[in-house]
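Note that the structure is a prediction, hence the values are computed from the model and not measured. Excluded from the calculations below are hydrogen atoms, water molecules and symmetry mates; all remaining heavy atoms, backbone and side chain alike, are included. Residue numbers start from 1 in every chain, and the chains themselves are labelled A, B, ... in the order their sequence lines are given, proteins ahead of strands.
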Number of protein chains: 2
Amino acid sequence: MATQWDGDIPIYVQLYQQVIRRILDDHLLEGEALPSVRKVASEYQLNPVTVSKAYQMLQEEEIVEKQRGKGLFIKEGVKKVILARERINFLEKEWPVVLDQIARLNLSAEDLLADRQGGK
Amino acid sequence: MATQWDGDIPIYVQLYQQVIRRILDDHLLEGEALPSVRKVASEYQLNPVTVSKAYQMLQEEEIVEKQRGKGLFIKEGVKKVILARERINFLEKEWPVVLDQIARLNLSAEDLLADRQGGK
DNA sequence: GCTAGTGTTATACATCACCAATACACCTAT
DNA sequence: ATAGGTGTATTGGTGATGTATAACACTAGC
């Protein structure tokens, strides 16, 4: 889905982030298998090892489980954990920086949040 | 002021960003000289060439002007230009990504605006 | 003229992250 | 057993980053 890569971020990190996003968006469901490294690699014109590197991050974080010779599977109950973790990370790390920038640019966070559409 | 460097971003880019921020925050004023490369280098334990690299970016963007043998000086009228440029960049590139993430994490305006400090 | 201050350039160097090519180990089905 | 599907360990190349060192050209003050 990432039409192009952000040259400032390693591709395998972007792939990792994509999986996280797809889990949160219910495009990847718990219990499902990740697309194979070779499939992703051919889809994006990458080396399978590059994809594997992204998948290793997911294993280290216990988001995904390896079944030898079969593939990687999304663990049960993981969406909830990711959601909680990402919320904390966003609120503590990313959002304060954004707020700083908003203030520096003399913009209003209230206005920006109010102006979004489809918000509920 | 950056107590530590963000390992994911080249130091010279962070130095560049710092100058931009200091101009917007009125810590660096139009007409003023930038601190010399050697001073900054010694302050942060860096190589002068690394600092120079940041200063070159500022020259290429016409934010700063070289006076041979004297130093680099912030051009007049530049704050306004930077502010406009940064606003556009923020609204078109950064903010949409932030909004996406906010939606994905089901965060509300209350969550985001609750207890921030220094608000005006 | 001399000295000390500007930024810049050139060279060499070490290090590291990134990514690709290859080969390997494993599982499953036929 | 063979073929085709998993992920991955290894190796090597490339480029970016930052340092070290030195030299250069210019300005300012004495």
Side-chain angles (χ1 to χ4, degrees), chain A residues 2-20 22-23 28-75 78, chain B residues 2-20 22-23 28-75 78:
Chain A
T3 329
Q4 211 72 344
W5 303 114
D6 178 342
D8 293 337
I9 304 175
I11 293 177
Y12 68 89
V13 173
Q14 296 181 56
L15 286 170
Y16 160 85
Q17 292 168 337
Q18 192 177 82
V19 172
I20 297 288
R22 286 170 111 103
I23 291 175
L28 285 174
L29 303 178
E30 297 176 356
E32 271 189 3
L34 294 184
S36 81
V37 291
R38 285 176 180 80
K39 180 175 179 187
V40 176
S42 106
E43 181 176 353
Y44 294 115
Q45 309 265 59
L46 300 173
N47 189 294
V49 183
T50 300
V51 183
S52 174
K53 216 163 172 182
Y55 284 8
Q56 277 181 54
M57 294 178 66
L58 294 163
Q59 288 183 73
E60 287 165 7
E61 296 183 352
E62 312 260 346
I63 291 170
V64 134
E65 207 169 32
K66 173 161 42 171
Q67 296 187 18
R68 290 281 200 68
K70 296 183 65 179
L72 297 177
F73 295 78
I74 301 173
K75 292 175 74 170
V78 130
Chain B
T3 328
Q4 211 71 344
W5 303 113
D6 178 341
D8 293 338
I9 306 176
I11 293 177
Y12 67 88
V13 173
Q14 295 181 57
L15 286 170
Y16 160 85
Q17 292 169 337
Q18 192 177 83
V19 172
I20 297 289
R22 285 170 111 105
I23 292 175
L28 285 174
L29 303 178
E30 297 177 357
E32 272 188 3
L34 294 184
S36 81
V37 291
R38 287 176 180 81
K39 180 176 178 187
V40 175
S42 107
E43 181 177 352
Y44 294 116
Q45 309 265 59
L46 299 173
N47 189 293
V49 183
T50 302
V51 183
S52 176
K53 217 164 172 180
Y55 282 10
Q56 278 179 53
M57 292 177 67
L58 293 163
Q59 288 185 73
E60 287 166 7
E61 295 184 352
E62 312 261 346
I63 291 170
V64 133
E65 206 169 32
K66 175 165 35 173
Q67 294 187 20
R68 289 281 200 69
K70 297 182 63 179
L72 297 177
F73 294 77
I74 301 172
K75 292 176 74 171
V78 128

Next on the checklist: Contact list please: residues 57-72 of chain A against DNA chain D, heavy atoms, distance less than 4.0 Å, in numerical order.
Outcome noted: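 DNA chain D contact set from residues 57-72 of chain A: Gln59(A), Lys66(A), Gly69(A), Lys70(A), Gly71(A), Leu72(A).
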With a cut-off of 3.5 Å and sequence neighbours excluded, list every side-chain donor-acceptor pair involving residues 31-38 of chain A.
| from | atom 1 | to | atom 2 | distance (Å) |
| --- | --- | --- | --- | --- |
| Glu32(A) | OE1 | Leu29(A) | N | 3.3 |
| Ser36(A) | OG | Lys39(A) | N | 3.1 |

Next on the checklist: A side-chain contact here means heavy atoms from C-beta on lying under 4.5 Å apart; do Thr50(A) and Tyr44(A) qualify?
Outcome noted: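 Not in contact.
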Can you tell me how far the [atom1] atom of [X] sits from the [atom2] atom of [Y], to the nearest 0.5 Å?
X: Leu58(A); Y: Gln56(A); atom1: CG; atom2: CD; result: 10.0 Å
X: Glu60(B); Y: Tyr55(B); atom1: CD; atom2: OH; result: 15.0 Å
X: Leu46(A); Y: Lys53(A); atom1: CG; atom2: NZ; result: 13.0 Å
X: Asp8(A); Y: Asp8(B); atom1: CG; atom2: CG; result: 10.5 Å

Checklist entry - Going through the distances and angles, do Tyr16(A) and Glu61(A) end up as a side-chain hydrogen bond (donor to acceptor under 3.5 Å, both in side chains)? => result CA-CA 11 Å; Tyr16(A) 160 85; Glu61(A) 296 183 352; 2.6 Å; yes
Checklist entry - Over how many whole Å does the gap from Gln56(A) atom CD to dC18(C) atom C1' extend? => result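 Taking CD of Gln56(A) and C1' of dC18(C), I get 14 Å after rounding.
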Item to check | Protein-nucleotide distance (Asp6(A), atom CG; dA17(C), atom C1'), rounded to Å | outcome: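 Between C1' of dA17(C) and CG of Asp6(A): 16 Å.
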Checklist outcome for this item: Under a 4.0 Å heavy-atom cutoff, the residues of residues 30-41 of chain A touching DNA chain C are none
Enumerate, atom names and distances included, each donor-acceptor pair closer than 3.5 Å involving a side-chain atom of residues 62-74 of chain B, sequence neighbours excluded.
| from | atom 1 | to | atom 2 | distance (Å) |
| --- | --- | --- | --- | --- |
| Glu62(B) | OE1 | Lys75(B) | NZ | 3.2 |

Item to check | Residue among Ile11(B), Val19(B), Val13(B) satisfying side-chain contact (heavy atoms from CB on, under 4.5 Å) with Leu15(B) | outcome: Ile11(B)
Next on the checklist: Based on the rotation axes of five pairs at each end, what angle does the helix from dG1(C)-dC30(D) to dT30(C)-dA1(D) bend through, to 10°?
Outcome noted: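 End-to-end axis angle for the helix from dG1(C)-dC30(D) to dT30(C)-dA1(D): 0°, rounded to 10°.
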What's touching nucleotides 19-21 of chain C from the protein side, N or O pairs under 3.5 Å?
| from | atom 1 | to | atom 2 | distance (Å) |
| --- | --- | --- | --- | --- |
| dC19(C) | OP1 | Ile11(A) | N | 3.4 |
| dC19(C) | OP2 | Ile11(A) | N | 3.1 |
| dA20(C) | OP2 | Asn47(A) | N | 3.0 |
| dA20(C) | OP2 | Thr50(A) | OG1 | 2.8 |
| dA21(C) | N7 | Asn47(A) | ND2 | 2.8 |

